[in-house]
Amino acid sequence: MIRENQKYLNRLQVFLDLIIILISFLIAYYIRFYQMDDGIHSLTFQQNLRPILLSIPLYLIFYNLFDIYSTRRTKPLHVEISAIIKTNALCGILIMVGLFIFKIVDYSRKSLGLFFVINTILTICTRLVIRIILKKYRRKGYNLKHCLVIGTTDSSARFIDKVKKNKHWGYNIVGIITSPLNHSKKFKGHPYKVWPGYIYDSRE
């Protein structure tokens, strides 16, 4: 179920990225040619749009290379923002190189610069909204990953502490498996009984 939800979320993110690219271009085009005093239409709207459409595969490739479509349960926000900025910077450089190679000198560099700034901001804002929505639903108990903790080691203790401090990750500890040699009654607030094959369900 979690994997299916992640697939749907990834598809939604790809779709949103495509929409954001087009919206960013329209906003940049409007600002450059209808708000700035020095806006001169040297190329048609379609000619201005063409390099942006050609850049869409580049965006998807770099977003995948920077692992932006993977689960963000424990991924820091700054890592995702950094990937978005890097992608826009790399795509900007490649588009500039393409315009130079094909000698498209009349293309507005200002509109292109506006596009990359606007696209970066809108994409980051979209990711922030998605994170907020996912955190909200995970705190309510939806889309959780249920975990069994094996052993009562220091690593297990650190994991339980992190899960408790970061409920928005969406991990739920349902039980602890331990050795029959362990005679404790509780571990990090989770009681368990100790004998071979027993799994204590903390939801009981």
Side-chain (Gln47) to main-chain (Thr44) donor-acceptor, under 3.5 angstrom
yes
Starting from the C-alpha separation in whole Å, work towards a yes-or-no answer on side chain to side chain contact (heavy atoms under 4.5 Å, CB included) for Leu114 and Met36.
CA-CA 12 Å; Leu114 284 169; Met36 294 183 174; 3.9 Å; yes
Stepwise side chain to side chain contact (heavy atoms under 4.5 Å, CB included) check, Thr87 with Leu58
CA-CA 8 Å; Thr87 296; Leu58 293 176; over 6 Å; no
Between Tyr107 and Asn48 (side chain of the first, backbone of the second, donor and acceptor by atom type, cut-off under 3.5 Å), is there such a pair?
yes
Looking at the rings of Phe45 and Phe33, which for Trp means the six-membered one, are their centres under 6.0 Å apart?
no
Looking at every heavy atom in both Phe25 and Phe115, which two are closest together, and how far apart are they?
N-CD1, 3.5 Å
Report the residues that fulfil side-chain contact (heavy atoms from CB on, under 4.5 Å) with Ile132, sequence neighbours left out, ordered by chain and then residue number.
none
Quick note, salt bridge (charged side-chain N to carboxylate O under 4.0 Å, His left out) partners involving residues 8-30, not counting sequence neighbours, are Asp17-Arg127
For residues Tyr63 and Ile84, determine if any side-chain heavy atom of one lies less than 4.5 Å from a side-chain heavy atom of the other.
yes
How is the hydrophobic cluster of Val117 composed, in terms of its other members, when Ile, Leu, Val, Met, Phe, Trp and Tyr link through side-chain heavy atoms under 4.5 Å apart, directly or indirectly?
Ile121
Over all heavy atoms of both residues, which pair between Ser24 and Leu122 is shortest? Give the atoms and the distance, please.
OG-CD1, 3.6 Å
Point-to-point distance, once rounded to the nearest 0.5 Å, from OG1 of Thr123 to CD of Glu80:
10.0 Å
Counting distance only, does the side-chain N/O of Thr120 pair as donor-acceptor with the main-chain N or O of Phe116 below 3.5 Å?
yes
Residues forming a side-chain contact (heavy atoms from CB on, under 4.5 Å) with Ser42, sequence neighbours excluded
Ile40, Asp106
Salt bridge (charged side-chain N to carboxylate O under 4.0 Å, His left out): which pairs involve residues 35-64, sequence neighbours left out?
Arg32-Asp38, Asp38-Lys110
For Ser155, the side-chain hydrogen bond (donor to acceptor under 3.5 Å, both in side chains) test, sequence neighbours excluded, returns Arg158
For residues 94-105, please give each side-chain donor-acceptor pair under 3.5 Å, one per line with the distance, not counting sequence neighbours.
none

Can you sort out the partners of Ser55 under side-chain hydrogen bond (donor to acceptor under 3.5 Å, both in side chains), two or more places apart, ordered by chain and number?
none
Residue list, side-chain hydrogen bond (donor to acceptor under 3.5 Å, both in side chains) with Asn64, at least two apart or on another chain
none
Begin from the C-alpha positions of Ile31 and Ile118 and carry the test side chain to side chain contact (heavy atoms under 4.5 Å, CB included) through to its verdict.
CA-CA 11 Å; Ile31 293 174; Ile118 295 169; 4.2 Å; yes
Going by salt bridge (charged side-chain N to carboxylate O under 4.0 Å, His left out), name the residues that satisfy it together with Lys162, two or more places apart in sequence or in a different chain.
none
Test side-chain hydrogen bond (donor to acceptor under 3.5 Å, both in side chains) applied to Gln35 - qualifying residues, sequence neighbours left out
Tyr30
What pairs with Val129 under side-chain contact (heavy atoms from CB on, under 4.5 Å), at least two apart in sequence or on another chain?
Ile133
Which heavy-atom pair separates Ser111 from Ala28 by the least distance, and what is that distance?
O-CB, 3.6 Å
NE2 on His78 to CD1 on Ile81, rounded to 0.5 Å
9.0 Å
Decide side chain to side chain contact (heavy atoms under 4.5 Å, CB included) for Asn119 and Tyr59; before the verdict, give the C-alpha distance in whole Å, the side-chain angles of both, and the deciding distance to 0.1 Å.
CA-CA 11 Å; Asn119 188 64; Tyr59 271 96; 3.4 Å; yes
If hydrophobic clusters are built from ILVMFWY residues whose side chains come within less than 4.5 Å, do Ile93 and Leu65 share one?
no
